There are 2 protein chains.
Amino acid sequence: MQPRVPEPTEAADPAWNREAWLLEPDSVQRALDVLAPRSAGQVVREAFYGTRRFDDFRRHTGLTPGVLSARLRDLTDQGILTKVAYHDSGSRRRHEYRLTDKGRDLAAAIISLLNWADRWLPSPGGPTVVLAHRGCGASIRTELRCADGHPVDSLGDVQAAPGPGAREAADPAGGTRDR
Amino acid sequence: MQPRVPEPTEAADPAWNREAWLLEPDSVQRALDVLAPRSAGQVVREAFYGTRRFDDFRRHTGLTPGVLSARLRDLTDQGILTKVAYHDSGSRRRHEYRLTDKGRDLAAAIISLLNWADRWLPSPGGPTVVLAHRGCGASIRTELRCADGHPVDSLGDVQAAPGPGAREAADPAGGTRDR
DNA sequence: GTGCTGAGTATGGTTTACGGTACTCAGCCG
DNA sequence: CGGCTGAGTACCGTAAACCATACTCAGCAC
């Protein structure tokens, strides 16, 4: 409440008064809401691993048909997957689910999560999936960098500030009461 | 089932036979399990925004005390937050919650999610929080890059392969039956 | 010692998500 | 035409997560 200044090494700490702003709807939350239902995360991950068909999703994730069906519908409605017709010879026309640009753009988030878990929640036998640069063969990871190309090594280099969508709180100074 | 080769632009598609391997426990899933309960994501996000105290978490997230208490305990048990004693003058000794190294290392994932939502799920008034490089002022984003420093522009550059933790499926060739 | 505040605990109901199983339905295959 | 398969739908019951509200409890302030 006082101008207690957190050490900058702590996190992307705001220099502004966090109490004075309403940050809903928060972008991190909106993204997590998409991936949060376990089944949604499983389906998206499988899509990244190359799965496309209903029954393959079902076997790879262990989801029941009802849940899987609902999730595929949700993700399609959200524009993360798209239904594409295909026609195996000697079989009837069906459709499969593929990532859209919007879905594919989750790659950085997915890979960041994968790297994080491999480092901090390692499974006994080592990672089950490894990602390598095709050709060069070196492992893939995410880097934080600013638009001018400077690397971001610590969260102390990150300055969080209210954006255009932030609203000022009704009572920034007075009581802590805001509900 | 046939060696249908997915176009490499689709995703981090495996050149290996996805059917022949059991990939549990998947790293993406383990990471998402940490952030998946809505309240966990909210708490971690707030921690990144600089929140440290129980009551501040409660107001910023809108969580009820019971849920918040449970979540802080979970995250502390998982080593993502840590309890640190502090002593405001004229007040009694209390403790606050700070990110650990493990928690701080979620930055790339959190920021990737934030960037993704800002691009694909924009809120009407624009982003509520913007991240800038301290000093330089340019916006922060994540980049995919391999350990040799080559940038990864498309998922076609990413080759997924089974890691040391992957187990071969019992019946790779025969029936599709595996349950 | 009474009151206030920050930090929780306790209890109880509700919603959301998930699992299990059975069933449908369209079309190619013989 | 009857069966098989991929792709679902329908109808349950259960479990996890959540919300609302009330209460406790420690210490400083007066």
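Convention: sequence-line order gives letters A, B, ...; per-chain numbering from 1. Keep in mind it's a predicted model, so treat the numbers as computed, not measured.
Residue A/H95 has a polar side-chain atom (N or O) positioned under 4.0 Å from OP1 or OP2 of D/dG8. For the pair B/Y97 and C/dG6, the criterion of a side-chain N or O lying under 4.0 Å from OP1 or OP2 is not met. In this model, the phosphate group of D/dA7 is approached by a side-chain N or O of A/Y86 to a distance below 4.0 Å at OP1 or OP2.
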Using the rule given for side chain to side chain contact (heavy atoms under 4.5 Å, CB included), can you reason through A/L144 versus B/I111, listing the C-alpha separation, both sets of side-chain angles and the distance that settles it, and then say yes or no? CA-CA 8 Å; A/L144 283 174; B/I111 293 174; 3.8 Å; yes
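Of the possible donor and acceptor atoms, one in the side chain of A/D26 sits under 3.5 Å from a partner among the backbone N and O of A/V28.
Regarding B/L32, its CG atom lies at a distance of 17 Å from the C1' atom of D/dA17, rounded to whole Å. Separating the CD atom of A/E96 from the C1' atom of D/dG6 is a distance of 13 Å, rounded to the nearest angstrom. Note: CG (A/D56) to P (D/dG6) measures 9 Å, nearest angstrom. As rounded to whole Å, 18 Å separates atom C1' of C/dC18 from atom CZ of A/F57. Between the C1' atom of D/dA7 and the CZ atom of A/R52 lies a distance of 18 Å, rounded to the nearest Å. Rounded to an integer number of Å, the gap from B/R94 CZ to C/dT5 P is 12 Å. The distance from atom CZ of A/F54 to atom C1' of D/dA7 is 6 Å, rounded to the nearest whole Å. C/dG8 atom P lies 12 Å from atom CZ of B/R58, rounded to whole Å.
Of the N and O atoms on the side chains of B/T142 and A/T142, not one donor lies less than 3.5 Å from an acceptor on the other residue. Side chains of B/T82 and B/R98: no donor on one and acceptor on the other come within 3.5 Å. A side-chain donor from one of A/E46 and A/T51 sits under 3.5 Å from a side-chain acceptor of the other.
Comparing atom distances between the A/T64 side chain and each of C/dG20, C/dA7, D/dC19 picks out C/dG20 as nearest. Looking at the side chain of B/R53, the nearest of the listed nucleotides C/dG8, C/dA7, D/dT9 is C/dA7.
Of the options A/R53, A/H60, A/R59, a side-chain hydrogen bond (donor to acceptor under 3.5 Å, both in side chains) to A/D56 is made by A/R59 and by none of the others.
Salt-bridge formation is detected for the pair B/R141/B/E143: a Lys NZ or Arg NE/NH1/NH2 atom is positioned less than 4.0 Å from an Asp or Glu carboxylate oxygen.
Taking a 4.0 Å limit (strictly below) on heavy-atom distances, residues 34-44 of chain A does not reach DNA chain D anywhere. Less than 4.0 Å separates DNA chain C from at least one heavy atom of each of the following residues of residues 67-81 of chain B: B/S69, B/R73.
Heavy atoms only, all atoms of each residue included: A/A117 and B/S27 are closest at CB-O, 3.2 Å.
Ring-plane geometry between B/F57 and B/Y97 is classed as perpendicular, the angle between the planes exceeding 60 degrees on a 0 to 90 degree scale with a lower cut at 30.
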